[in-house]
Chemist: 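Handing you this structure, nothing more for now.
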Amino acid sequence: MKRSFLLAVVVVMAVLLAGQDVFAAQQLGIKLPDDPTKAYITLGILFVAAVMFFTEVVPLPVTALLVPIALSLTHVITSKVAFSYFGNPTVVLFMAMFIVGEATFITGFADKVGALAVKLSKGSPIKLLVYAMAAVGLLSTVLSNTGTTVVAVPMIMGMCLKAKLAPGKVLMPVAFAASLGGTVSLVGTPPNGIINSMLAQTGQTPFGFFEFGLIGVPLLVAGLVYYGLLGHRFLPDVAPVDDDVVTESAQHRRENKMWHAMIIFAFVVVMMASELMPLTTAAMLGACLMIITGCMTMREAFRSVDWTTIFLFAGMLSMSAAMDKSGAAAIVANAVVSLVHDPWMLMLVCCALTAIITNFMSNTATAALMAPLALPIAMGSGISPLPIAMGIAMSASCCFLTPIATPPNTIVLGPGRYSFMDYVKAGWLLQVISLLMCWLLIPLIWPFH
């Protein structure tokens, strides 16, 4: 509740400051809404949703469904737009990979991978955690962090099953590692591409493909070290799957279909990695093939979808759209950013504000919002826009406080049996560490002058 109160204070202060900064925004070419009514309504709905998420007075999927309902009833966005995100390609990707992942369990394929991982780590839970984070983080440096997470989850679940370890002790840090790994290259996460595009539009030289790694690699290493030494203690205490459940599950394995599942899974991974097919297309084809080849039944496929994840992600995509279209995000960002001109303070404000906004809004949309706000201020103040741009790119991906901050965070919500507050407890210190690293290290790599 304290955090919800602080969020309310931030929103109210931003709204009060927004009015006196309209002129500054116009001077910088920043577009604020002519009528801010819908923006204020959106901020109000966001605040109420945040309180409901953190307190869980109603189930998370219900709160997520109430968001597009409220936005539609208040005419912030139309009903058609509000509920259109249930057909979003990423939502469909989640559904398909739940099915593919479950098929690897039913055929025993995930068990084999899990047994190998347990053997390599010699059964140490902390080693399992760090190895899983390192593997996913490294893959995410050159692959989509979303794609990497969706294919890694069933393997990690199999690993936890063999080690008799609660998945909640591993999955969340793995999702964070996917986001941190994505910061290393141009293609690892969408905000990096957005920032390069913005720099090109302002006549600046964009960052190189792996130039993001100058700060991305230290961030990834910091995440691994943190969870290996301290962070694992803040992960939720969820009981591991007991022996009876494991035995009953093993009795229903279709091990005669294991090779089918392995080939289909490998096909999906190759298609995603090579980009010969869009992620969603490859995942949905894989799901269909799992059923066609008899790896699982239709009933099992329907049961495998975690609807909490689907409703939460799809419902909150409507909030992201409303924050953008109503001008709410621009009002909050402008109210803070336009008041700061000292390079170091501007850097801190841009990184902190990006990290806060992106925990409730698409990280791609947040980067697209913050860059046009901050870069003109930097150039107008006679400082290089490069450190500011890099700070925004990194902070848009370093978001660990909510399950809606990034697709990887959302993907592990159901399998890890997490609550909304679990993300805050396990992610707040990493959020602070990454913020301080961005603030202090980036200007040393890309100087202000």
Side-chain angles (χ1 to χ4, degrees), residues 46 49 53 59-72 77-103 140 143-154 171 175 178-179 182 189-191 268 271-272 275 277-291 298 301-325 358-366 368 397 399 402-416 418 420 423:
L46 174 60
F53 277 136
L60 295 182
V62 176
T63 299
L65 285 172
L66 287 172
V67 169
I69 291 171
L71 293 171
S72 174
I77 53 179
T78 65
S79 178
K80 183 178 180 180
V81 171
F83 293 98
S84 65
Y85 297 99
F86 286 87
N88 181 275
T90 304
V91 175
V92 178
L93 170 67
F94 289 174
M95 294 174 65
M97 287 309 296
F98 279 131
I99 296 171
V100 172
E102 182 66 14
S140 293
L143 303 175
S144 157
N145 54 14
T146 302
T148 302
T149 306
V150 295
V151 298
V153 165
L171 286 174
S179 295
T189 183
V268 172
M271 290 300 102
M272 287 182 171
E275 298 184 358
M277 286 185 188
L279 293 182
T280 306
T281 304
M284 190 54 72
L285 177 56
C288 291
L289 289 174
M290 289 293 190
I291 297 168
M298 278 301 304
F302 284 130
R303 281 204 307 255
S304 68
V305 177
D306 185 83
W307 294 105
T308 295
T309 300
I310 300 301
F311 286 131
L312 183 65
F313 192 75
M316 291 310 293
L317 281 177
S318 64
M319 173 55 72
S320 180
M323 289 282 288
D324 184 26
K325 293 179 181 177
T358 199
N359 271 293
F360 294 94
M361 185 173 166
S362 156
N363 56 1
T364 305
T366 303
S397 294
C399 36
T402 71
I404 56 177
T406 63
N409 286 16
T410 312
I411 291 164
V412 301
L413 174 68
Y418 297 119
F420 209 90
Y423 286 81

Chemist: Which word best sums up how the rings of Tyr423 and Tyr418 line up, parallel for under 30°, tilted for 30 to 60°, or perpendicular for over 60°?
Modeler: perpendicular

Chemist: Stepwise, does the side-chain contact (heavy atoms from CB on, under 4.5 Å) test hold for Thr281 with Met271?
Modeler: CA-CA 9 Å; Thr281 304; Met271 290 300 102; over 6 Å; no

Chemist: Looking only at heavy atoms, which two atoms of Met97 and Ala283 are closest? And how far apart?
Modeler: SD-CB, 3.6 Å

Chemist: Could you give the side-chain donor-acceptor pairs of residues 402-416 under 3.5 Å, partners two or more places apart or in another chain?
Modeler:
residue, atom, partner, partner atom, Å
Thr402, OG1, Asn359, O, 2.5
Thr402, OG1, Ile404, N, 3.4
Thr402, OG1, Ala405, N, 3.2
Thr406, OG1, Asn409, N, 3.2
Thr406, OG1, Asn409, OD1, 3.1
Asn409, ND2, Cys399, O, 3.3
Asn409, ND2, Thr402, O, 3.0
Thr410, OG1, Pro403, O, 2.5
Thr410, OG1, Thr406, O, 3.2

Chemist: Ignoring hydrogens and angles, write down the donor-acceptor pairs under 3.5 Å from the side chains of residues 77-87, residues two or more places apart or on other chains.
Modeler:
residue, atom, partner, partner atom, Å
Thr78, OG1, Val81, N, 3.2
Ser84, OG, Val81, O, 2.8

Chemist: Is the closest side-chain heavy-atom distance between Met361 and Leu46 below 4.5 Å?
Modeler: no

Chemist: Please name the pair of heavy atoms, one in Ala282 and one in Val268, separated by the smallest distance, quoted to 0.1 Å.
Modeler: O-CG2, 3.7 Å

Chemist: Please lay out, stage by stage, how Phe98 and Arg303 fare under the test side-chain contact (heavy atoms from CB on, under 4.5 Å).
Modeler: CA-CA 9 Å; Phe98 279 131; Arg303 281 204 307 255; over 6 Å; no

Chemist: Over all heavy atoms of both residues, which pair between Thr280 and Pro89 is shortest? Give the atoms and the distance, please.
Modeler: OG1-O, 3.0 Å

Chemist: Once rounded to the nearest 0.5 Å, what's the spacing between atom CH2 of Trp307 and atom CE of Met95?
Modeler: 4.0 Å

Chemist: Would you say the side chain of Phe94 lies within less than 4.5 Å of the side chain of Asn88, judging by non-hydrogen atoms?
Modeler: no

Chemist: Working to the nearest 0.5 angstrom, can you tell me the gap between Leu93 CG and Thr146 OG1?
Modeler: 7.5 Å

Chemist: Would Ile310 and Val91 satisfy side-chain contact (heavy atoms from CB on, under 4.5 Å), going step by step from the backbone distance to the final call?
Modeler: CA-CA 6 Å; Ile310 300 301; Val91 175; 3.7 Å; yes

Chemist: Between Ser318 and Gly315 (side chain of the first, backbone of the second, donor and acceptor by atom type, cut-off under 3.5 Å), is there such a pair?
Modeler: yes

Chemist: Mind listing the closest non-hydrogen atom pair of Val100 and Gly286 along with its distance?
Modeler: CG2-C, 3.8 Å

